[in-house]
Amino acid sequence: MIYSASSYVGSVKYGDSLFYVKKQGLALLLGLVCMYLASRMDITKIERFGLPIYIVGLVLLLIIFIPGVGSNAYGATRWIDLRVITFQPSEIAKFTLVVFLAKLFSKKHPTTIASMIIPILVVACMLVAVLLEPNMSCAICMAAISMIMFIVGGIRFRHAVAFASLGIGGGIALIFAEPYRIKRLMAYLDPWSSPRGEGYQLIQSYYALGSGGLFGVGLFASRQKYLYLPFSESDFIFSIIGEELGVIGCVVVLLIFSVYIASGIAIAIKSDERFKSLLALGIVSVVSVQTILNVAVVTGSIPPTGLPLPFISAGGSSLIVFLIATGVLISIDTEKIKQAKRNWVRMTS
Amino acid sequence: MVGSNQQIKRFYRYEQKKRLLAILLLMTFSFVALICRLIYIEVITGNELSVKALDQWWRDVPITAKRGDIYDRNGVLLAGANTAYTLYIRPSEVKNKQTTAQVLSEVLDLTYASLIKKLESRQSEIKIKSGMDKDEMLKTLQSRAEGIYFSQTVKRVYPYADFMAQTLGFVNADVHGQTGLESKYDVYLSGVDGYILTETDLVGRRIENGITRYLDGTPGHNAHLTIDYNIQKSIEDAVKEAYITHSAKSVSCIMMDVETGEILGMAQAPSFDLNNVPRSDPIALLANSKCTWASDTFEPGSTFKILTAAIGLDSGAITTKSTVTCPGYHVVDGQKIKCWRTRGHGTQSFSEAVANSCNVMFMNIASKTGISTLYDYFDRLGLDEKTGIDIVGEASGILISKDSVKNVDLARIGFGQSIAITPIELLVASAIVVNGGTQVRPYILDYFADDSGKTVLKNYPITKTGIISSTTSKIMREVLENVVVNGGGKNAAVSGYRIGGKTGTAQKYENGAIARGKYISTFIGFAPADAPKYICLIVVDEPVGAYYGSIVAAPYVGKIFSEVLPHVGIASAFESSKTELIMPSVVGLGIEEVTYIFELLGIYIEVYGEGNTVTKQSPIAGTKISSNSLVAFELDL
């Protein structure tokens, strides 16, 4: 899919229609290795190193602001340029947050205000760092994930409501703090009023989806990828899926995600250890929240914001991180077997 | 305690599972909602969106349709169209840039350096050469140049350059009519452009394996006008001559078929070359490209007397037996209104008064007819509305509103003042008077034929009979013929033909006051006088020097008729003997003496001003004149 969506952009920008595919292929290879390693990992180690992991995530977010390290694009500093590969620390930070929250909640249920102070601070630090980039979409994503973790962690209903309203209020305030966010909001409300300005991308996404119809125009046959739809290989790859494979293709993709998410939740439910359960939930939350937000943006269901579609959008760091997370998920699922194996080894020795 | 702790733990586990399931439910719901949204966009609004998307995916290069030709009534080409080609190159499609540049520089006579620079640019397509003819295009096409394609444009060509410039009009850079008939009938002439559609990316680069479609256009229809090239030629020549001879501000002339309203020719000076439109001065161009004979109103002066006389007769206000005594003025409501011959015409019959163009007679006619009847006739003669000629920007006459016409106004209207009409209105109304009382709608376009010669639009004469009685018309023909035979219209006489007509000299008004020394000289003539077929009006605006219609305007109508009538097959009926004379200098002589001599020779004279001594003469001494021509003098007072 990436090949189809990116070939033209790649050939125009880098003179190589396989440019993105090569990068992504490399990331996939690396990611699969990491995933395998992660799946063999002992989850208790992750639990033990919860705090350092969190700190690493936070530090990565912050070193972006050291001049020369962070790479600026589209008016925000979100990337670390490692020559071969640029990666977004926020992709990693999301998961480190999830790990640490899972650890905190597994120790103490956030049922009282006092017990919530630390987790809230933990989340707040991350949010502030991300917002400074600025990266509103990632912040929304993190907030939603945290919310899910708080809920499943055992937060009281009235606290949840309070948090939610606080979050939404803060979000609105942030939208009005930046003129470009207001413009985007307007573009969402009526993209046709500025077909060449703010509404352009959404309209082009509609064109792609609309041309796809029920069955799509066929793989590789997209017209919108010919530079009409910006970010067709990354944030808006789902539009190209819709154009080439139609509603059917879109539904299949979403079904695959559903299976992933449902399995993840099942793993969380089955897991007898609270940390593992919460970690599994956290990973699934990241995937599901990001998927839902991405598809919602592409279909104009929510104001446009830049979030890649997990596993599918072009972007090496994102793919690797998601694959590692999947490895962790597998590890949690197979923990019992591994434990049994270990016990067996101990008994036999 | 352990037990309760265990219980709490179990409770939490249970609660946690419940919440996990709730989250799963929430996500499932979100997914379902998104799928619904997708179905809505992709399937329900899909068609509408994909149509819009199609529009942006194709780049179109227009192939301008061939513009229809314009012909005269006998098939003489007045405006044609040449196809020109513009060569473009898509640098991205040129594999061997050196070879292509080399080949093109040879074929097109362009420098290699400039070509290679264009070929190496990053633009999606670059214009190499425009205005190429077909041979050049084919040669380029057969060369080894890569990535080339052509667009087709049309260049308008006017074989006779400044011929009929205002009427034909010109086209803009996109070959669409801007003025005249080109503008009026642009829809028919321009046809439907074709397109070359190419699948491109956002910035217009052709996409690999993209399809190129050719949509053929439809050539424009050919216009066939009522104009007769030969008549037009005579008129053009006469107008140019008058324009130069009298250093006039402008001259225009129209000839119409009296029975059908077909315009046979019309010309206007100053003119300009339609093949090279002087666009550097847009204001002058705008003024010069109007058909002033349809768009500008003027006080017609004495030519209007044709209408006053006809109305007087037709309404019964006067008869041919009516007489008038002209002391050189007429008093209306205590106001003295002068006749042009301030010395007075004495007592005259109706016919004589018309021949001498005596203002007093026409003031009388207007007064006797009365405002109500007069305006009723004006309406029937079409003076208060456009004639409906197929020209852009036709104006309609301006009449003082019926309720505010005072007696002095009424008297003045009688001899063509205090009323403003367009030359074409005057021409049509005069045609009604002489053709037996039938109103005609003037028109220039006869028909449009498509590429295969099939008529797609046809103009037919629109007539309305009984505007005035045929008896009145007959009398008017005789009276007006007399003007040419014995009166102020003598210079329009054509040997062997019966011509009728009427002169006019009107003072121009500027800012509501009479502009000193500025006149409009006119003449309306028709032929043959007994059974009119052609009517012709010439308007000479601001002649320098002589300004009397009889001298400045009438001769040109005579000249036009002398050329046109034999051409259209009307045989000369009789040969009149003409003595050629040399005009002597009479300036400084007494008018009594001069009048005596000239009348003895049978030469008609017009005298302007008062006094006894001739101060100016027309024509000047030494000019050849014939015994049946007309001369004019100005007196010292």
Side-chain angles (χ1 to χ4, degrees), chain A residues 8 11-12 17 109 111 148 151-155 203-214 216-217 223-230 238 242-243 246-247 250-251 254-255 257-258 261-262 264-266 268-269 272 274 277-278 280-281 284-285 288-289 291-292 295-296 298-301, chain B residues 5 8-59 92 122 124 198-211:
Chain A
Y8 192 70
S11 64
V12 168
S17 63
H109 292 280
T111 46
I148 292 172
I151 290 169
V152 177
I155 193 174
I203 288 174
Q204 294 303 331
S205 178
Y206 281 154
Y207 283 172
L209 293 171
S211 310
L214 194 55
V217 295
R223 285 288 282 113
Q224 283 295 87
K225 68 184 176 188
Y226 287 93
L227 308 188
Y228 291 108
L229 178 60
F238 196 74
E243 186 185 358
V247 172
C250 289
V251 170
L254 289 181
L255 274 180
F257 273 109
S258 309
I261 291 161
I265 298 275
I269 291 174
D272 44 7
R274 194 165 151 76
S277 173
L278 285 170
L281 167 75
V284 170
S285 308
S288 57
V289 165
T291 307
I292 290 167
V295 177
V298 162
T299 55
S301 313
Chain B
N5 211 347
I8 290 168
K9 254 192 173 166
R10 209 175 296 144
F11 167 76
Y12 275 131
R13 280 198 59 111
Y14 172 70
E15 180 67 19
Q16 188 183 332
K17 277 181 185 163
K18 222 169 71 179
R19 289 189 177 193
L20 276 169
L21 284 172
I23 295 289
L24 182 63
L25 206 66
L26 187 72
M27 289 170 180
T28 313
F29 172 76
S30 304
F31 271 73
V32 171
L34 288 175
I35 288 172
C36 291
R37 176 80 185 152
L38 277 168
I39 292 173
Y40 172 75
I41 295 172
E42 301 204 48
V43 181
I44 296 174
T45 62
N47 258 340
E48 187 188 328
L49 287 167
S50 56
V51 167
K52 286 184 180 168
L54 271 175
D55 195 43
Q56 74 172 10
W57 293 339
W58 295 87
R59 221 24 94 88
S92 59
R122 283 191 53 84
S124 60
T198 315
E199 279 192 299
T200 66
D201 73 1
L202 178 67
V203 291
R205 282 176 289 225
R206 192 162 88 184
I207 65 175
E208 223 173 308
N209 306 321
I211 306 162

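Below, each value reflects all heavy atoms present in this structure, side chains not excepted, and no hydrogens, waters or symmetry copies. Here is how names work: the chains are called A, B, and so on, in the same order as the sequence lines, proteins then strands, and each is numbered from 1.
- Considering all non-hydrogen atoms of both residues, B:V43 and A:G213 come closest at CG2-C, 4.4 Å.
- The line from CG of B:L20 to CG of A:L281 is 5.5 Å long, rounded to the nearest 0.5 Å.
- Separating the OG1 atom in A:T291 from the CE atom in B:M27 is a distance of 9.5 Å, to the nearest 0.5 Å.
- Taking B:E48, B:R19, B:K52, B:E42 one by one and counting their heavy-atom pairs under 4.5 Å with chain A, the maximum is reached by B:E42.
- In terms of heavy-atom pairs under 4.5 angstrom with chain B, the leader among A:L278, A:V247, A:V251, A:I148 is A:V247.
- When each of B:K17, B:K18, B:E15 is scored by its heavy-atom pairs under 4.5 Å with chain A, the top score falls to B:K17.
- Taking all atoms of both residues into account, the shortest heavy-atom contact from A:T299 to B:R37 is O-NE, 2.7 Å.
- Ranking B:V51, B:I44, B:I41, B:T45 against chain A, the residue ahead of the rest is B:I41, based on heavy-atom pairs under 4.5 Å.
- Chain B forms more heavy-atom pairs under 4.5 Å with one residue of A:G153, A:A266, A:G300, A:G216 than with any other, namely A:G300.
- Interface remark: B:L38 contributes backbone and side-chain atoms alike to the contact with chain A (heavy atom separation under 4.5 Å).
- Shortest non-hydrogen contact noted between B:S50 and A:G210 is CB-O, 4.1 Å.
- Counting heavy atoms from C-beta outward, B:F31 and A:I261 have side chains that approach closer than 4.5 Å.
- The line from CG of A:L209 to OH of B:Y40 is 13.0 Å long, rounded to the nearest 0.5 Å.
- Heavy-atom pairs under 4.5 Å with chain B were tallied for A:G264, A:C250, A:G212, A:S285; the largest tally goes to A:C250.
- Proximity of A:S288 to B:I23: side-chain heavy atoms (C-beta onward) are nowhere separated by under 4.5 Å.
- A:S301 and B:L34 make their closest contact through OG-CD2, 4.2 Å (heavy atoms, listed as atom of the first residue, atom of the second, distance).
- Residues B:L21 and A:I269 have side chains in contact (heavy-atom distance under 4.5 Å, counting atoms from C-beta outward).
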